[in-house]
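In this text the structure is predicted, and so the values were computed from the model without any measurement.
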Amino acid sequence: MPSVQPTAVSPLILEWQEHDQPCRALWRDQHGTPPLRLQAADDTLSADAAYRLISQGTALVWRGDYHNARQLLKALASRVDRRQQQPHRNDAAPQTPQSQFHQHRLRQSQRAQILNRLLIPVEADGTIALRRAPDLGEACRAALEPAGQPELIPLRTLQGYVGAWEWQKKGIEIAGLPARIHVPHGVYSPIRGEYLPLLANAPLPPGARSAFDIGTGSGVLSALLLQRGLERVIGTDLNPRALACARDNLARMGHADTFQAVACDLFPPGRADLIVCNPPWLPAKPTSQIEQAVYDPGHRMLLGFLQGVPHHLEDGGQAWLILSDLAEHLGLRTPQMLPEAFAQAGLRVIGRSDTRPAHPKALDRNDPLYEARSQETTTLWRLAIA
C-alpha cells in the first residue's frame, strides 16, 4: 500500500488517503507528536518491512487482524532492542552515572517513538473494527474522555490503557488502610510503596489535628494520616484526574467529610499542623503527564515546597519530606544541595527515617542504572522551623 503524506486539518486532526479514498482521524496530544507519514498496513506486511518503514518515520495504520498487530509489535520491539544493544562508537568512552542516565532516557524515548508508530483505528463509538479485536471500551473510557469521532491510538498505548484498567479495578492493598487504593490511568500509583511505612510510623507532631498533602496524587498519604487520627487533611494537585481519584479513594474509606481535594499549585490557603510532600525524585524533564510524578525539572516542586513551608505551618508544626537519594547517585543532585535548601528555607532537621528499595530494578544487575539503584535510600525528613 503506498505511503501518503497526512494533511494536518488542525493540530489534532489528520487526513490521508487509502485506496484513493480520504480518511480522517483525531490525534490526541497524549499520544505524542503527530506522525509525519501514514500508511495503511495489514497482515501481508512482514516485520522487517514494517521496521524499515517505521524507522524512516512512517506510521502504520493497522487494517489487519488485531492479534497479528500484537505479534508485530513484539517483533518490532525485539528489533529495536537488538539494535540498541549493538555497540556504539561512544560506548568505549568513560561514562559517568549522569551520562548513563541521559543515554538510558534517550534510548527509552527512541524506543517509544518507534513502537508508537503502530496505530490502531478506533471508531467514533469506541469500537475497534478489526478482526479478533477485543472490546476495549471500558479501558479506553477510563483513560480518556470519549472522542466522539474516529481516532488513531498507538497499539502500545492501548495496551497501557488495558493494564491500567485492570490495576484500577483490582486496586492496591496498603497496610493500615481499610480499603484498597484504586488508581486510574494518568495518576501515579503507589505500587512501589516502600516509603509508606515511614509515614505510617513517624511520630506525629504533638497535638496535630490538621495536615496538608502537597501533590496528593492517589490520596494514599492523606488516607494514612487520617487513619492515624488526624481530624482534617487537605490534598492538593494540579491534575484533575488525581483530585478525582483522591476524593474517590478517601470517600470509600469513610473520610469524605474529613478530606478535601483542592486544585492548586503546591499549597492551599491557610496553615496546618503537618505538611507532607512526596515530590518527584529526579530533576529531569518529563515527556508525558504520568512522568510529571517522577521528574521535577530544576527541583521546582521540591524547592517550592521547602520555601513555602514557613508560610503555611502552624506554630510547633512539622513538615515531612519523602525523597529518594537516587538523584545523588546519578550525579543529578549534589549531596550538599538538600541541606543547603533546608537552611535557605529556614528549616531544620528534627529527625529522619530511611528505607531501601525492594522493587525488581534495584536487584537487576542488567538494568542500565543498577549501580545507582542498588545504592538508593528513601528518606522521610522531619523538618521544623529553625
Side-chain angles (χ1 to χ4, degrees), residues 32-33 55 77-116 188 191-195 198 215 277-307 321-345 347 349 352-381 383:
T33 304
S55 297
S78 176
R79 285 160 173 76
V80 173
D81 293 342
R82 283 202 306 269
R83 183 172 181 81
Q84 290 191 342
Q85 289 168 4
Q86 294 175 356
H88 295 272
R89 184 177 301 173
N90 296 329
D91 284 354
Q95 289 190 326
T96 64
Q98 186 176 17
S99 66
Q100 289 177 326
F101 169 74
H102 290 302
Q103 286 184 14
H104 175 60
R105 287 207 74 202
L106 177 61
R107 289 176 179 176
Q108 283 185 316
S109 175
Q110 292 171 339
R111 186 179 192 273
Q113 287 177 8
I114 290 177
L115 298 184
N116 285 343
Y188 190 73
I191 294 176
R192 177 185 167 181
E194 73 266 11
Y195 58 89
L198 301 180
C277 184
N278 178 22
W281 289 351
L282 296 175
K285 183 180 179 180
T287 58
S288 63
Q289 184 181 52
I290 194 63
E291 280 195 351
Q292 293 175 5
V294 180
Y295 299 110
D296 182 18
H299 296 102
R300 189 200 75 87
M301 184 173 180
L302 170 62
L303 296 178
F305 168 71
L306 295 175
Q307 292 291 333
L321 171 67
I322 301 171
L323 195 67
S324 159
D325 66 355
L326 181 60
E328 281 88 341
H329 295 299
L330 290 172
L332 304 176
R333 183 168 60 231
T334 66
Q336 298 78 27
M337 184 269 185
L338 201 56
E340 290 174 356
F342 292 160
Q344 291 172 1
L347 303 173
V349 177
R352 62 177 288 178
S353 49
D354 303 323
T355 189
R356 299 298 299 275
H359 59 91
K361 287 185 178 180
L363 307 174
D364 182 5
R365 293 182 177 274
N366 294 319
D367 186 275
L369 306 180
Y370 169 75
E371 290 300 325
R373 294 189 194 278
S374 64
Q375 303 175 66
E376 180 184 5
T377 296
T378 302
T379 299
L380 186 151
W381 299 92
L383 306 170

Check your understanding: Nearest 0.5 Å, what's the SG-CD1 distance between Cys277 and Ile322?
Key -> 8.5 Å

Review point. Who pairs with Val349 by side chain to side chain contact (heavy atoms under 4.5 Å, CB included), at least two apart in sequence or on another chain?
Key: Phe342, Trp381, Leu383

Exercise for review: Can you sort out the partners of Ser374 under side-chain hydrogen bond (donor to acceptor under 3.5 Å, both in side chains), two or more places apart, ordered by chain and number?
Suggested key: none

Exercise for review: Not counting sequence neighbours, list each pair that qualifies as a salt bridge (charged side-chain N to carboxylate O under 4.0 Å, His left out) and has a residue in residues 294-307.
Suggested key: Asp265-Arg300

Check your understanding: So do the side chains of Leu323 and Asn278 get within less than 4.5 Å of each other, counting heavy atoms only?
Key -> no

Check your understanding: Judged by modelled atom types alone, do Glu371 and Gln100 share a side-chain donor-acceptor pair under 3.5 Å?
Key -> no

Review point. Taking the side chain as C-beta and beyond, is there a heavy-atom pair between Gln95 and Gln103 under 4.5 Å?
Key: yes

**Study point:** Chi angles and distances behind the side-chain contact (heavy atoms from CB on, under 4.5 Å) call for His102, Leu332
**Key:** CA-CA 10 Å; His102 290 302; Leu332 304 176; 4.0 Å; yes

Exercise for review: State, with a plain yes or no, whether a side-chain heavy atom of Thr96 is found less than 4.5 Å away from one of Phe101.
Suggested key: no

Check your understanding: Mind checking what makes side chain to side chain contact (heavy atoms under 4.5 Å, CB included) contact with Glu376, not counting sequence neighbours?
Key -> Arg192, Trp281, Ser324, Asp325, Leu326, Pro357, His359, Thr378

Practice item. Please identify each residue that fulfils side-chain hydrogen bond (donor to acceptor under 3.5 Å, both in side chains) with Asp81, with sequence neighbours left out. Key: Arg111

Review point. Taking the side chain as C-beta and beyond, is there a heavy-atom pair between Ser109 and Arg105 under 4.5 Å?
Key: no

Check your understanding: Which pair of non-hydrogen atoms, one from Pro283 and one from Arg333, has the smallest distance, and what is that distance?
Key -> CD-NH1, 4.5 Å

Review point. Any side-chain heavy atom of Gln110 within less than 4.5 Å of one from Leu106?
Key: yes

Point to revise | Stepwise side-chain contact (heavy atoms from CB on, under 4.5 Å) check, Gln98 with Leu330 | key: CA-CA 5 Å; Gln98 186 176 17; Leu330 290 172; 6.0 Å; no

Exercise for review: Would you check if there is a donor-acceptor pair between the side chains of Thr377 and Asp354 at a distance under 3.5 Å?
Suggested key: no

Study note, to complete from the structure: Rounded to the nearest 0.5 Å, the CG atom of Leu338 sits from the NE2 atom of His299 at a distance of 8.5 Å

Point to revise | All side-chain hydrogen bond (donor to acceptor under 3.5 Å, both in side chains) counterparts of Gln108, not counting sequence neighbours | key: His104

Study note, to complete from the structure: Residues at least two apart in sequence or cross-chain that pass side chain to side chain contact (heavy atoms under 4.5 Å, CB included) with Pro297, listed by chain then number, are Pro286

Check your understanding: Would you say the side chain of Leu321 lies within less than 4.5 Å of the side chain of Phe305, judging by non-hydrogen atoms?
Key -> yes

Check your understanding: Would you say Leu303 and Met337 make side-chain contact, with heavy atoms under 4.5 Å?
Key -> yes

Review point. Can you tell me how far CD of Gln344 sits from CG of Leu306, rounded to the nearest 0.5 angstrom?
Key: 10.0 Å

Practice item. Please list, chain by chain and in numerical order, all residues satisfying side chain to side chain contact (heavy atoms under 4.5 Å, CB included) with Arg365, sequence neighbours excluded. Key: Tyr370

Check your understanding: Mind checking whether Pro280 and Tyr295 have side chains closer than 4.5 Å, heavy atoms only?
Key -> no

